[in-house]
Number of protein chains: 2
Amino acid sequence: MKRDWRCEDPKQQLVWAAATGETLRVLEGKWKIVIIIQLFAARGPLRFSELERRVEGVNQKMLIQQLRQLEADGIVIRKIYPEVPPKVEYTLSEMGTALGPSIEALIDWAFLRCEASGETDGDEPAREAEH
Amino acid sequence: MKRDWRCEDPKQQLVWAAATGETLRVLEGKWKIVIIIQLFAARGPLRFSELERRVEGVNQKMLIQQLRQLEADGIVIRKIYPEVPPKVEYTLSEMGTALGPSIEALIDWAFLRCEASGETDGDEPAREAEH
DNA sequence: CCGTATCCTTCTAGATACTG
DNA sequence: CAGTATCTAGAAGGATACGG
């Protein structure tokens with residue numbers, strides 16, 4: 001089955017828009033994309049402490065929270081080694097790996113935005129003064 | 001310049017992860033993706049009232065708010081017709097249109113998830129009982 | 001090393017009523 | 001038609017301290 005999301009049927013569009021909205025919600029959370037990108041970049045499992053170092057600015061509570069949610073949503077897999085000192089590794093699941101093309105497209109778009117705002121002016125318009 | 005986000009340089013990875021995180025933030029907000037998909041599907045401008053009907057469940061305040069943010073972030077363009085009764089049309093900007101591949105990839109992934117959770121079992125594991 | 005438990009602040013969504 | 005204003009509840013983020 002192939003999505004033809006630009007089709008004419010308004011009902012179908014509603015279904016897909018909703019489904020995609022729900023799906024995107026899985027990626028929301030201040031640190032999730034960064035975590036996922038780091039896991040992609042690592043090309044293999046990362047320990048908790050490794051992630052803590054690579055995801056700059058995150059604290060333990062947030063990192064754990066986001067990892068647990070990603071795990072619950074089937075994006076990452078958590079593997080515990082019953083050793084002392086404790087060792088826990090996080091990997092992308094098959095579903096997580098399948099995010100590759102989306103991430104790549106988003107990175108491309110991020111670049112496009114940077115270039116667009118960099119060529120005409122020095123800084124971004126950004127969003128501010130809203131109230 | 002081409003992104004090679006799976007490269008070895010950890011510094012670069014940090015930069016891209018951060019940039020992509022920032023970029024994704026532009027799409028966050030409960031209704032933005034749905035709005036964007038509807039604008040794609042429409043293949044042309046939509047009036048405020050049209051969007052209100054197509055984005056099911058949204059209220060005026062939220063719709064306006066999300067549209068204003070999308071406008072501030074350069075994703076949509078707002079065109080006002082000085083008529084009475086008032087008429088305002090929203091279109092995807094060039095930057096918004098450039099989101100096409102990302103949206104498509106995300107929709108593909110959304111489908112993959114639906115199929116994966118539908119074939120093995122009836123319901124999703126979902127995320128719950130977190131505290 | 002890999003987490004929990006508290007507590008606090010800020011941010012977000014939404015209901016509702018009103019206006020040029 | 002296309003907004004604005006106000007108010008509220010709840011969620012998300014984060015600092016800090018403690019635990020197996």
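Within every chain, numbering begins at 1; the chains are lettered A, B, ... in the order of the sequence lines, protein sequences first and strands thereafter. Predicted model, so just to flag it, every value in this text is computed and none were measured.
Across the protein-nucleic acid pair, A:Leu46 atom CG and C:dC2 atom C1' stand 15 Å apart, rounded to whole Å. Following rounding to the nearest Å, B:Glu89 (CD) and D:dC1 (C1') show an atom-to-atom distance of 13 Å. Between A:Glu71 atom CD and C:dC2 atom C1' there is a gap of 14 Å when expressed in whole angstrom units. Spacing between atom CZ of B:Arg68 and atom P of C:dT12 amounts to 18 Å, rounded to whole angstrom units. At whole-Å resolution of the value, CD1 in B:Ile64 and P in C:dT12 are 18 Å apart. The interatomic distance linking B:Leu63 (CG) with C:dT12 (C1') rounds to 16 Å, in whole Å. We find that CG of B:Leu67 is positioned 15 Å from C1' of D:dT4, with the value rounded to whole Å. Between A:Tyr81 atom OH and C:dG3 atom C1' there is a gap of 18 Å when expressed in whole angstrom units.
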**Request:** Using a 4.0 Å heavy-atom cut-off, write out nucleotides 13-20 of chain D from 5' to 3' as B (base contacted by protein), S (sugar-phosphate only) or - (no contact).
**Result:** BBB----B
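Not counting sequence neighbours, the partners of A:Glu22 by the salt bridge (Lys or Arg N to Asp or Glu O under 4.0 Å) test are A:Arg25. For the side chain to side chain contact (heavy atoms under 4.5 Å, CB included) test, residues two or more places apart in sequence or in another chain that qualify with A:Pro45 are A:Glu89, A:Thr91. With sequence neighbours excluded, the residues that form a salt bridge (Lys or Arg N to Asp or Glu O under 4.0 Å) with A:Arg53 are A:Glu50. Under the side chain to side chain contact (heavy atoms under 4.5 Å, CB included) criterion, B:Val88 pairs with B:Arg78, B:Ile80, B:Tyr90, not counting sequence neighbours.
The nearest pair of heavy atoms linking B:Glu56 to B:Trp31 is O-CZ3, 3.3 Å.
Between A:Arg78 and C:dG3 there is a side-chain polar atom (N or O) within less than 4.0 angstrom of OP1 or OP2. Not one side-chain nitrogen or oxygen of B:Tyr90 sits closer than 4.0 Å to the OP1 or OP2 atom of D:dC1. B:Arg47 has a side-chain polar atom (N or O) that falls below the 4.0 Å cut-off from OP1 or OP2 of D:dA2.
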**Request:** Give the C-alpha distance, both sets of side-chain angles, the deciding distance and a yes or no for side-chain hydrogen bond (donor to acceptor under 3.5 Å, both in side chains) between A:Gln69 and A:Lys32.
**Result:** CA-CA 9 Å; A:Gln69 288 177 7; A:Lys32 289 191 189 164; 2.8 Å; yes
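A:Arg113 places a side-chain heavy atom less than 4.5 Å from the side chain of B:Val26. At least one side-chain heavy atom of A:Trp109 sits less than 4.5 Å from a side-chain heavy atom of B:Met95.
The C1' atoms of five pairs define one axis at each end of the helix from C:dC1-D:dG20 to C:dG20-D:dC1, and these two axes lie 50° apart (to 10°).
Of the inter-residue distances, the one linking B:Asp108 atom CG with A:Leu99 atom CG reads 11.5 Å to the nearest 0.5 angstrom.
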